[in-house]
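Below you'll find the structure, written out as structure tokens, and then a few comments.
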Amino acid sequence: MESPPPPLPPPPPVPDAVPHASGSFLPSFVADNQLFQGGLGLMGIGAAVAVARTGTLWASNILRRRMLVSLEIDNRDRAYEWFLAWMAHRTSGAASASRSVSWIRSHELSVETMIERRPNGSSSVFFQLVAGPGTHWFKYRGAWMQVKRERETRSMMGGQQAGMSVPWETVTLTTLSRDRRLFPQLLAEARDLGMQGQEGKLVIHTAWGIEWRPFGKPRRKRPLQSVVLEPGMSDKIEQDIKAFLSRRQWYADRGIPYRRGYLLHGPPGSGKTSYIQALAGSFSYDICLLNLSERGLADDKLNHLLSNAPERSFVLIEDVDAAFNKRVQTSADGYQSSVTFSGLLNALDGVASGEERIIFMTTNHLERLDPALIRPGRVDFSALIDNASPAQARELFQRFYGGANSQVAADDVEVLARKLQEMAETKLKNGETVSMAALQGHFIRHSPDEAVARCPELFVSNTGILKKDL
Ligand SMILES: Nc1ncnc2c1ncn2[C@@H]1O[C@H](COP(=O)(O)OP(=O)(O)OP(=O)(O)O)[C@@H](O)[C@H]1O
């Protein structure tokens with residue numbers, strides 16, 4: 001019988017997952033591990049720097065908020081263009097002698113090309129270097145100011161620039177809080193300088209989204225007499241507007257909305273738009289040009305625009321028939337333009353529509369307009385501005401060729417003008433007329449004698465469409 005196998009050796013002791021240390025694990029791990037000590041040290045320094053930096057930022061923000069004051073002007077506000085013009089004026093030779101402002105030499109400049117037309121017809125071009133995008137410093141009435149001009153490109157929503165990317169600019173003025181009272185003074189100076197530039201000018205506004213903004217530079221006012229209407233017509237319209245402008249309280253006392261609508265209708269080239277612009281200039285009013293077919297314009301925006309037209313401005317809706325024919329439904333959900341017909345009617349005299357507003361509408365086709373659009377309350381004064389009458393043709397001729405600077409003797413002008421009127425009367429009896437625009441073009445092209453001799457070729461049968469215009 002075999003001997004039993006020898007006994008197995010005892011299993012090795014199981015090592016402790018964690019060596020028994022007195023207390024916890026970490027201190028001894030750190031005490032024995034220099035690399036870890038270094039890492040902890042660096043962490044501590046990093047944390048201290050971060051805290052110091054945050055503290056400094058916080059303190060400088062507090063200080064900035066308490067000690068400094070900033071004023072932001074963006075390019076949607078009229079003060080923006082006035083301030084830039086003020087800056088340009090101040091940095092130009094004309095005003096640099098001004099004691100109120102001294103500029104630190106700017107390193108970011110941009111150029112504004114200015115064309116100055118002289119009365120004799122010549123013009124001169126000069127370049128104005130203005131502070132461009134960047135940071136500039138100047139001293140105004142003893143206080144240092146920082147100007148930060150920033151430009152970015154944003155895409156416009158709505159308005160004639162809908163979908164376009166246009167530069168979006170802001171200017172931020174910063175000065176010591178104790179000098180904050182200088183901001184209104186500076187803006188008033190900029191405004192006065194800017195208004196000087198608009199003195200005697202007509203500002204045309206167009207819609208930018210739901211806001212009105214000046215479009216281009218202010219234009220020279222057109223003399224009202226230069227637009228020759230049928231004798232007495234201009235006075236009639238002028239008197240009606242004067243009466244309206246003088247009865248604000250009368251309307252208020254009777255709770256009647258202080259609004260008035262005018263409709264000038266007639267063939268193309270009869271002077272409707274020119275007259276409205278000249279009339280606005282004669283009242284020192286601006287023009288707000290509203291295009292109902294403008295992309296992105298909807299009923300709510302239209303209502304906002306009509307309710308928020310700038311003070312002292314006429315709202316002009318040209319060719320109003322083109323936006324709406326007689327409620328022609330072109331699709332199940334609405335009309336051919338983005339503004340609905342009922343939206344226009346409500347904007348013109350609905351409950352939400354604005355107060356103190358003068359609207360001019362023009363059309364070549366009165367017969368196409370919906371009666372709801374031209375009923376009183378929306379159109380309070382309607383006038384036919386027609387093709388040239390013999391009297392108008394004569395007066396336009398005299399305005400072109402007469403006057404102090406005329407090369408033609410006054411008597412000769414008078415004889416020719418009378419001849420033109422007699423010819424026009426004959427033509428009119430035959431049912432032939434001519435537009436004032438065609439007469440204007442004819443007079444521009446010809447000498448007085450030629451103008452009269454060749455005028456008969458301009459007249460066409462009374463369709464209002466002229467051979468010359470085709
Ligand atoms: N009655 C007028 N007196 C002086 N100029 C005129 C007259 N009518 C038209 N003109 C000249 O003809 C041009 C076109 O005039 P305007 O645009 O005002 O006509 P309109 O009636 O508004 O035309 P449309 O109906 O096609 O818009 C302008 O250059 C303007 O100077």
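Remember, it's 1-based here, ligands and their atoms both numbered in the order they're listed. Values in this document were obtained by computation on a predicted structure and should not be read as measured data. Numbering starts at 1 and runs along the sequence shown.
Scanning both residues, S382 and V379, for their nearest heavy atoms gives CB-CG1, 4.2 Å.
Considering backbone and side-chain N/O atoms, L229 never comes within less than 3.5 Å of an N/O atom of ligand 1. Polar contact check, D319 against ligand 1: no nitrogen or oxygen pair lies under 3.5 Å apart. For Y275, no nitrogen or oxygen atom sits less than 3.5 Å from a nitrogen or oxygen atom of ligand 1, counting backbone and side chain alike. At a 3.5 angstrom cut-off on N or O pairs, P268 does not count as close to ligand 1. Residue E318 has no N or O atom closer than 3.5 Å to an N or O atom of ligand 1. Residue Q392 has no N or O atom closer than 3.5 Å to an N or O atom of ligand 1. Among the atoms of G271, some N or O lies under 3.5 angstrom from an N or O of ligand 1.
For R222, every heavy-atom contact with ligand 1 shorter than 4.0 Å involves the side chain, none the backbone. Heavy atoms from both the backbone and the side chain of K272 come within less than 4.0 Å of ligand 1. Contacts with ligand 1 closer than 4.0 Å are made by no heavy atom of T362, backbone or side chain.
Under a 3.5 Å cut-off, the side chain of K272 and the backbone N or O of P267 do form a donor-acceptor pair. A side-chain donor-acceptor contact under 3.5 Å links K301 to the backbone of G296.
Contact check for L264 versus L384: no side-chain heavy atoms found under the 4.5 Å cut-off. The side-chain heavy atoms of R454 and H446, taken from C-beta on, include a pair separated by under 4.5 Å.
For ligand 1 and S226, the ligand atoms under 4.0 Å from any heavy atom of the residue are 3 (N), 4 (C). Per-residue contacts place N364 under 4.0 angstrom from the following atoms of ligand 1 (heavy atoms of the residue considered): 25 (O). Against a heavy-atom cut-off of under 4.0 Å, V227 is close to the following atoms of ligand 1: 1 (N), 2 (C), 3 (N), 4 (C). Distances below 4.0 Å separate heavy atoms of T273 from the following atoms of ligand 1: 18 (O), 22 (O). Contact atoms of ligand 1 toward A437: 9 (C), 12 (O) (distance under 4.0 Å to a heavy atom of the residue).
The nearest heavy-atom contact from the protein to atom 1 (N) of ligand 1 is V228 O, 2.7 Å. From the protein, the heavy atom lying nearest to atom 7 (C) of ligand 1 is M436 CB, 3.4 Å. Protein heavy atom in closest approach to atom 16 (P) of ligand 1: S274 OG, 3.5 Å. The nearest heavy-atom contact from the protein to atom 11 (C) of ligand 1 is Q440 OE1, 3.4 Å.
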Check against side chain to side chain contact (heavy atoms under 4.5 Å, CB included), L420 and F443: CA-CA 12 Å; L420 176 69; F443 295 160; 3.9 Å; yes
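Shown are E422, Q421, E425; of these, the side chain to side chain donor-acceptor pair (under 3.5 Å) with R394 is made only by Q421. Between M145 and the choices T175, L71, D179, the side-chain contact (heavy atoms from CB on, under 4.5 Å) rule is met once, by T175. Among the candidates S234, S270, S226, the single residue satisfying the side chain to side chain donor-acceptor pair (under 3.5 Å) test with Y275 is S234.
Here F244 and Y258 bring their ring centres to under 6.0 angstrom of each other. Between F138 and W86, the distance from one ring center to the other falls under 6.0 angstrom.
Taking 4.0 Å as the cut-off, S435 does not count as a neighbour of ligand 1 on heavy-atom distance.
Side-chain atoms of H205 and D286 form a donor-acceptor pair, as typed in the model, at a separation below 3.5 Å.
Among P267, S234, G269, the residue whose heavy atom sits closest to atom 9 (C) of ligand 1 is G269.
Taking the six-membered ring for Trp and thresholds of 30 and 60 degrees, F397 and Y401 have ring planes inclined between 30 and 60 degrees apart.
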